[in-house]
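Data first, discussion second: the structure below is written as structure tokens.
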Amino acid sequence: MPTIGNAQLKLLERLCNAVAVSGDEGEVRQIVLAELSGQADEIKVDALGNVLATRSGTAKKRLRVMLSAHMDEVGFILVADDGEGLFRFEIVGGVDERQLPGKPVLIGNDHVPGVIGARPIHLTKAEERRHKIPLDSLRIDVGPGGAKVKPGDRATFATRFTRSGPALLSKALDNRFGVATLIELVRHAPADIDLLAAFTVQEEIGLRGAKVAAYTFAPDLALAVDATPANDLPGWDGEENVSYNTRLGLGPAIYVGDGTTLSDPRLVRWLASAGEAAGIPYQLRQPGGGGTDAGAIHRARAGIPSGSISVPHRYSHTAVSVARLDDWKNTLALLQSALEHLPSGLLTAERA
Ligand SMILES: [Zn+2]
């Protein structure tokens with residue numbers, strides 16, 4: 001059985017501290033390839049940079065089960081050198097511009113430190129402080145002699161991974177949770193399925209890697225494994241928050257539907273009953289916006305039954321998000337249990 005102990009937490013830490021913004025996932029890809037070495041029957045890197053690992057089962061009739069976890073994260077790309085160590089930049093993926101001023105960043109594979117400069121309070125007027133600073137007047141400042149970075153380099157928030165008791169804090173739990181989970185599942189793949197693990201690129205800018213990965217794998221069914229926002233803070237007035245979509249501490253979030261996919265109900269039932277049978281807590285993510293790799297996978301080829309399961313975390317796509325270690329443990333445990341008890345007739349069952 002896969003478990004999460006110190007080794008897995010160390011791996012998550014390395015994955016989270018890597019800089020791997022969409023289109024430049026190399027740093028995470030190297031870790032994935034090293035961790036998978038000797039663990040799969042076939043491992044390849046496709047034309048877009050997805051890592052595709054196959055672990056074949058031994059049963060006679062086997063379902064081809066694709067699991068997808070995106071390697072990329074949201075962040076920034078330097079676009080112009082203004083001299084004096086100042087660089088113009090653009091946002092990659094969904095990041096709120098209001099959060100940028102004053103944040104430290106790390107740039108490129110060498111993790112060159114910089115800061116998204118903010119004018120100090122001494123030099124701003126009250127009126128000015130009421131407005132958002134437009135992106136085109138922000139710069140990343142790496143200090144004089146900024147020759148080690150160049151336009152095209154990616155940057156992320158400079159937050160270091162931290163474990164604090166039951167809590168995990170990082171810039172990239174979305175989706176290094178999924179990457180670390182898939183690595184463990186490949187290592188412990190059940191014998192009666194073909195496990196097709198896709199570590200995908202460019203999810204944050206439109207599920208691009210998953211689209212071609214699904215084409216290559218041509219699976220019978222697919223699950224995206226990701227991290228999902230938890231909107232679960234208590235009301236400011238002390239009222240109970242009844243509009244949360246997912247909550248920390250309630251276990252993995254199984255998707256019924258999101259902005260890009262209506263999960264195949266047979267997969268939702270399979271995951272939920274796996275949780276119940278094994279006594280693993282889970283929650284149903286409330287329908288709404290957002291999306292995962294499943295959004296591209298379910299529309300690949302002639303259609304692929306798909307669903308998603310995620311670790312909830314607060315403050316997604318900001319400098320630091322917060323999650324619970326137990327939710328990650330339960331996500332891995334539920335997936336392992338579901339894969340080990342995959343009913344062979346799952347896809348011939350009625351949908352509703
Ligand atoms: Zn994600």
Side-chain angles (χ1 to χ4, degrees), residues 2 8 10-57 64-75 77 92-93 108-111 152-156 172 174-189 193-227 292-301 304 306 308 335:
Q8 289 74 20
K10 278 276 163 229
L11 172 61
L12 181 67
E13 175 169 8
R14 281 197 294 134
L15 287 166
C16 281
N17 287 342
V19 174
V21 177
S22 310
D24 190 12
E25 295 88 353
E27 203 177 329
V28 166
R29 185 166 42 242
Q30 290 316 314
I31 298 173
V32 170
L33 289 171
E35 293 292 322
L36 290 182
S37 168
Q39 303 289 333
D41 298 298
E42 193 191 349
I43 299 172
K44 62 180 176 187
V45 178
D46 75 8
L48 292 195
N50 296 309
V51 176
L52 304 178
T54 304
R55 178 114 185 231
S56 304
R64 294 172 58 77
V65 181
M66 174 175 176
L67 300 179
S68 183
H70 68 88
M71 297 188 288
D72 63 317
E73 66 192 296
V74 297
I77 181 168
V92 181
N109 293 335
D110 294 331
H111 296 192
D153 285 353
R154 307 300 203 276
T156 63
D174 176 8
N175 183 29
R176 307 298 149 68
F177 264 147
V179 171
T181 303
L182 249 62
I183 289 171
E184 289 306 308
L185 291 170
V186 170
R187 288 195 178 126
H188 301 274
I193 59 167
D194 285 344
L195 187 68
L196 315 164
F199 299 84
T200 61
V201 297
Q202 300 185 35
E203 189 267 356
E204 297 288 3
I205 51 170
L207 322 180
R208 298 176 191 180
K211 182 177 178 177
V212 300
Y215 181 88
T216 302
F217 274 151
D220 296 312
L221 67 141
L223 291 176
V225 184
D226 210 321
T292 69
D293 274 345
I297 297 167
H298 81 285
R299 297 196 288 180
R301 291 186 166 262
I304 295 164
S306 301
S308 300
L335 275 165

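A distance-only check finds a donor-acceptor pair linking the side chain of R64 to the backbone of F217 [under 3.5 Å]. Between the side chain of D194 and the main chain of S56, no donor-acceptor pair closer than 3.5 Å is present. Judged purely by atom type and a 3.5 angstrom limit, R208 has no side-chain atom pairing as donor or acceptor with the backbone of Q202. Using a distance-only test at 3.5 Å, with no hydrogens or angles considered, no donor-acceptor pair links the side chain of R176 to the main chain of D174. No donor-acceptor pair closer than 3.5 Å links the side chain of R55 to the backbone N or O of D41. For the pair D153 (side chain) and G108 (backbone), a donor-acceptor distance under 3.5 Å is absent. Panel note: side chain R29, backbone G49; a donor-acceptor pair is recorded below 3.5 Å. Distance alone, capped at 3.5 Å, places no donor-acceptor pair between the E27 side chain and the A20 backbone. A donor-acceptor pair is defined here as one N or O able to donate and one able to accept, closer than 3.5 Å; no such pair exists between the side chain of S37 and the backbone of L33.
Counting heavy atoms from C-beta on, the side chains of E203 and N175 never come closer than 4.5 Å. A 4.5 Å side-chain heavy-atom check between V201 and D72 finds every atom pair outside the cut-off. Between V28 and F199, every side-chain heavy-atom pair lies at or beyond the 4.5 Å cut-off. Side-chain contact check for E25 versus H70: every heavy-atom pair is 4.5 Å or farther apart.
With rounding to the nearest 0.5 Å, the separation of CG in L52 from OG1 in T200 is 9.5 Å. The CG atom of L15 sits 4.5 Å away from atom CD1 of I31, with the distance rounded to the nearest 0.5 Å. Atom CZ of R299 and atom OG of S306 lie 11.0 Å apart (nearest 0.5 Å). With values rounded to the nearest 0.5 angstrom, H188 atom NE2 is found 13.5 Å from L335 atom CG.
Here F177 pairs with W328 under the ring pair (Phe, Tyr, Trp, His ring centres under 6.0 Å) rule; sequence neighbours left out. Every residue meeting the side-chain hydrogen bond (donor to acceptor under 3.5 Å, both in side chains) condition with R187, not counting sequence neighbours, appears here in chain and number order: E35, E184.
In this model, no donor atom of one side chain and acceptor atom of the other lie less than 3.5 Å apart for T292 and D226.
Shortest non-hydrogen contact noted between L223 and S308 is CD2-N, 4.3 Å.
Considering V74, I205, I77 in turn, I205 is the only one that fulfils the side-chain contact (heavy atoms from CB on, under 4.5 Å) rule with S22.
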